[in-house]
**Student:** 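Here it is, the structure in full.
Both ligands and their constituent atoms are indexed starting at 1 by order of listing.
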Amino acid sequence: MTTTRFAPSPTGYIHVGNLRTALMNYLIARKSGGTFILRIDDTDPERSKEDYVDGIKQDLEWLGLTWDKVERQSLRLDRYAEAADKLRDMGRFYEAFETPTELDLKRKKQLNMGKPPVYDRAALALSDAEKDALRAERGAGVWRFKLDQERINWADGILGDISIDAASVSDPVLIRGDGQVLYTLASVVDDTEMGVTHVVRGSDHVTNTATQIQIIRALGGTVPEFAHHSLLTGPQGESLSKRLGTLSLRDLRAAGVQPMALLSLMARLGSSDPVELRADMAELIEGFDISRFGSAPTKFDEQDLYPLTAHHLQSLPYSDVEAQVTALGVPEHLGLHFWSVARDNITTLHDLEGWWTLFRDGADPVIEDEDREFVAQALEMLPDGPYDGDTWGIWTAAVKEATGRKGRGLFMPLRKALTGQSHGPDMSQVMPLLQVIRAKG
Ligand code: GLU
């Protein structure tokens, strides 16, 4: 039975970067009929905020990424303490007392000597008396996991075969001096106890994975399948890290991006399959294959979301947007027709308002000097509304007859006089929507 999890820290909102992680884990679980856990990584009481927990849930709900279970790390601290005791008993856990400044100095020295800046395990040599003295002087130390200095190998679902020399990695700190359990340990305990079978996360976690594999083995757990997706960059390959704050799901939602547009893009970006707009979640699940993703950084361009959004909107039945349309004040009998006219001429639903304002209040007429007489004559021939689907055809035929104008020279000045624009929906469709024709006076 497949079990995956999305494990955000509630220290911010979901952005396009971590959306990829959420989506991939979700799709793997759903494709195999497994379980998808939303795990809130809130062991840091200072940075974790309840508002972000709520925000993360709202964002996932907006996208339709439903979870089967919510877990919270802050409610599982006893489990982590138990695992820590186990590691201590096994001799795989040791207390270290270096201050950040001392560690920094050590790293600088190592780098100067051309050595990798790996923690030198000086704390392992401390006697009990020395530890007591340090504890008395500096308070409790941090707890580090003693890595076995061997190669750590795994077959990564995206990166392929990975082999990391544990000797090139510092023994990870799993518990801070103030007793706070760090993510590396908490995550391993959870993944093991919750039966997580597949872990997909960003490639910034590759080194974590190496150390976590050893911790899982030490605790007697089963190592899940790992896959690390590449990180997103901007369209030019530039780092997105500073911009991610402005690429939050809530900002995109406010800008009018549609969930299926965002999901369709994210389910394919960075894979060897083309981006295709999917109609619904079932299609998205069906078309997802993690083995198609590559390790190269993935370029993300926010602008790609808008054509997909427009395309998605074109496919929506009126019932899906009725609430938004009526909220604009479109009379009930015109709602369906308004949608069928407007939907091909919008990028986001926000654009509906502009169209309705135009139809309701009429446009400032645009009339070229050379057309002034022609337009005046034509407008005199236009009866008062309301109009229907035949009005435009009958009217322009009569105007053609009376003025001898035809084609573009006939239609364009009339379109511009009525809508103030030189392009837009089919005029015979527009006429029944026009509540006011300002050019008519
Ligand atoms: N809370 C971690 C993060 O957001 C989870 C990483 C993981 O998937 O293990 O980076």
**Student:** For the ring pair Tyr52 and Tyr13, is the centre-to-centre distance below 6.0 Å?
**Tutor:**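 That pair passes the under 6.0 Å test.
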**Student:** Determine yes or no for a side-chain-to-main-chain donor-acceptor pair under 3.5 angstrom, with Asp42 supplying the side chain and Ser74 the backbone.
**Tutor:** yes
**Student:** Give a yes or no on whether Glu332 atom CD has more than 12 heavy-atom contacts from other residues, nucleotides or ligands under 6.0 Å away.
**Tutor:** no
**Student:** I would like to know whether Arg176 and Asp178 meet salt bridge (Lys or Arg N to Asp or Glu O under 4.0 Å); could you show each step before the answer?
**Tutor:** CA-CA 5 Å; Arg176 291 201 323 196; Asp178 62 5; 2.6 Å; yes
**Student:** Can you tell me which residues line ligand 1 if we count any heavy atom under 4.0 angstrom from one of its atoms, in chain and number order?
**Tutor:** Arg5, Ala7, Ser9, Asp41, Tyr183, Ser187, Arg201, His205
**Student:** For the residue pair Tyr26 and Phe36, categorise the inter-ring angle as parallel (less than 30°), tilted (30 to 60°) or perpendicular (more than 60°).
**Tutor:**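 The arrangement is perpendicular - the two ring planes meet at more than 60°.
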**Student:** Using 30° and 60° as the class boundaries, would you call the ring planes of Phe359 and Phe338 parallel, tilted or perpendicular?
**Tutor:** perpendicular
